[in-house]
There are 2 protein chains.
Amino acid sequence: MARTPVPGTRDTILTAAAGLFYRYGVRAVGMAQVVEVAGCGKNLLYRHFPSKADLAAAYLTLARREREQATAAALRWANGPAEQLVALVAEIAESTRRPGYRGCAFRNYLTEFPGATDEPARVARGYLADSRAVVDRLVAELGGDALLADRIWLIVDGLHSGPPEQARVALDWITELVRR
Amino acid sequence: MARTPVPGTRDTILTAAAGLFYRYGVRAVGMAQVVEVAGCGKNLLYRHFPSKADLAAAYLTLARREREQATAAALRWANGPAEQLVALVAEIAESTRRPGYRGCAFRNYLTEFPGATDEPARVARGYLADSRAVVDRLVAELGGDALLADRIWLIVDGLHSGPPEQARVALDWITELVRR
DNA sequence: GTCTATACTTCGATAGAC
DNA sequence: GTCTATCGAAGTATAGAC
């Protein structure tokens, strides 16, 4: 009897991989570990993701989707560029305070693979660039100059790599900058 | 005939390792690669550094010494806490603009080995904590509050992980914050 | 006695085969 | 799903040059 392929297998594998990659780093996690946590055979994993780079790229793409959804949700209740900028940073600040937070997945990947030009690196750089572009757009709508955008991005960068205690400091500061 | 031990061998090896570790990451660089670049035998390497962790710890300790020397040199010409804070950040900003800059060695290590508690990790966390303490002390001397110290540290964090173009933005901002 | 070079061991990784 | 081929890495041991 032909066995019905289980739907959502790809998601199961990807979720397991994402958890491990984010927590321990992409380099530190082996495919065997992913198989173990996903509870599937090695066969299936390599069927869905022909190489580790493919899996890493999918992991970062998933992370991107999650970030974008969280951002969109945060922006939903904000009116105008000022509120939107605050909401944007507030969402990041909040995420850094969640248990298990280990920094920005995209920045982490680029630190683990400096100078990489493979697919995961492209996904990571792409997200960072697009993310920065959103800030630029909102600042422009606000009527702010390039300096304000640079400063906000500087805080966002610091927020991602600093300790979670910085979350409130960053948020308050952004609020102050934007309201002015 | 007894051969005279070459002095400075340890430094030669360490310099080679440091260059590789910083550029490509500690995980990505193998001991064989270090041997190759250092131009010595494997035996000698393991005599001076019994394990890769020892070598990594020595690399970060060297990085710390270099940072401290650069910081001390920058602080030498500064009078009072305000000027010293500016000089401190100016030195960091300048360093991020040097060719070959690949981020903060200590933050990078901790990103490569999240949650590590080995000797290199202790060195990295130690430097970061001491570095932060210097900022706190200078801010206190300046008569500033904890918020100002947090904000300065936020900028320093952002400066380390952001693009080099942020250097001037960060420096100007610190100057403005401290002069007030 | 100190160094280089190299062979070797063990281990874990990716990836593919069955 | 297990089994295996292949590779690279850490670390050790040995042989030989100076």
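What's counted below: heavy atoms across the whole structure, side chains too, no hydrogens, waters or symmetry copies. Chain letters run A, B, ... following the sequence lines, proteins first and then strands; every chain starts at 1.
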Checklist entry - Should the heavy atoms of other residues, nucleotides or ligands under 6.0 Å from CZ of A:R168 be counted, would the total exceed 12? => result no
Checklist entry - Which whole-number value in Å describes the distance from A:L20 CG to C:dA13 C1'? => result 15 Å
Checklist entry - Roughly how many Å is it from NZ in A:K42 to P in C:dG12, rounded to a whole number? => result 13 Å
Next on the checklist: I need the CZ-P distance between B:R10 and C:dC3, as an integer number of Å.
Outcome noted: 14 Å
Checklist entry - Can you find a heavy atom in the side chain of A:D130 that is under 4.5 Å from one in the side chain of A:R64? => result yes
Next on the checklist: Whether A:R122 and A:E119 form a salt bridge (side-chain N of Lys/Arg under 4.0 Å from carboxylate O of Asp/Glu) is what I want to check.
Outcome noted: yes
Item to check | Distance in angstrom units between B:L45 CG and D:dT12 P, rounded | outcome: 11 Å
Checklist entry - How close do B:D157 and A:G162 get, heavy atom to heavy atom, and via which atoms? => result OD2-CA, 3.3 Å
Checklist entry - Do any side-chain nitrogens or oxygens of B:R47 fall under 4.0 Å of OP1 or OP2 in C:dC3? => result yes
Checklist entry - Which part of the nucleic acid, if any, lies within contact of B:V34, taking any heavy atom under 4.0 Å across all strands shown: a base, the sugar-phosphate backbone alone, or nothing? => result nothing
Next on the checklist: Assuming nearest nucleotide by heavy-atom distance, tell me which of B:S51 and A:G41 is located more 5' along DNA chain D.
Outcome noted: A:G41
Checklist entry - With sugar-phosphate meaning primed atoms plus P, OP1 and OP2, does B:G39 contact a base, only sugar-phosphate, or nothing at under 4.0 Å between heavy atoms? => result sugar-phosphate
Next on the checklist: If I take atom CD in residue A:Q33 and atom C1' in nucleotide C:dC11, what distance separates them, rounded to the nearest angstrom?
Outcome noted: 15 Å
Next on the checklist: Rounded to whole Å, how long is the line connecting atom CD of A:E36 with atom C1' of D:dT2?
Outcome noted: 15 Å
Checklist entry - Counting only heavy atoms not in A:R47, do more than 12 sit closer than 6.0 Å to its CZ atom? => result no
Next on the checklist: Taking only side-chain N and O atoms of A:Y46, does any of them lie within less than 4.0 angstrom of OP1 or OP2 on C:dG16?
Outcome noted: no
Checklist entry - Do the side-chain N or O atoms of B:K52 get closer than 4.0 angstrom to the phosphate oxygens (OP1, OP2) of D:dA10? => result yes
Item to check | Whole-Å distance separating the CE atom of A:M31 from the P atom of D:dC3 | outcome: 20 Å
Item to check | Nucleotide D:dA13, atom C1' - distance to CG of B:L44 in whole Å | outcome: 16 Å
Next on the checklist: Any base atoms under 4.0 Å from A:C40, or only sugar-phosphate, or nothing? Heavy atoms, all strands.
Outcome noted: nothing
Next on the checklist: Under 3.5 Å, is there any donor-acceptor pair linking the side chain of B:N43 to the base of D:dT14?
Outcome noted: yes
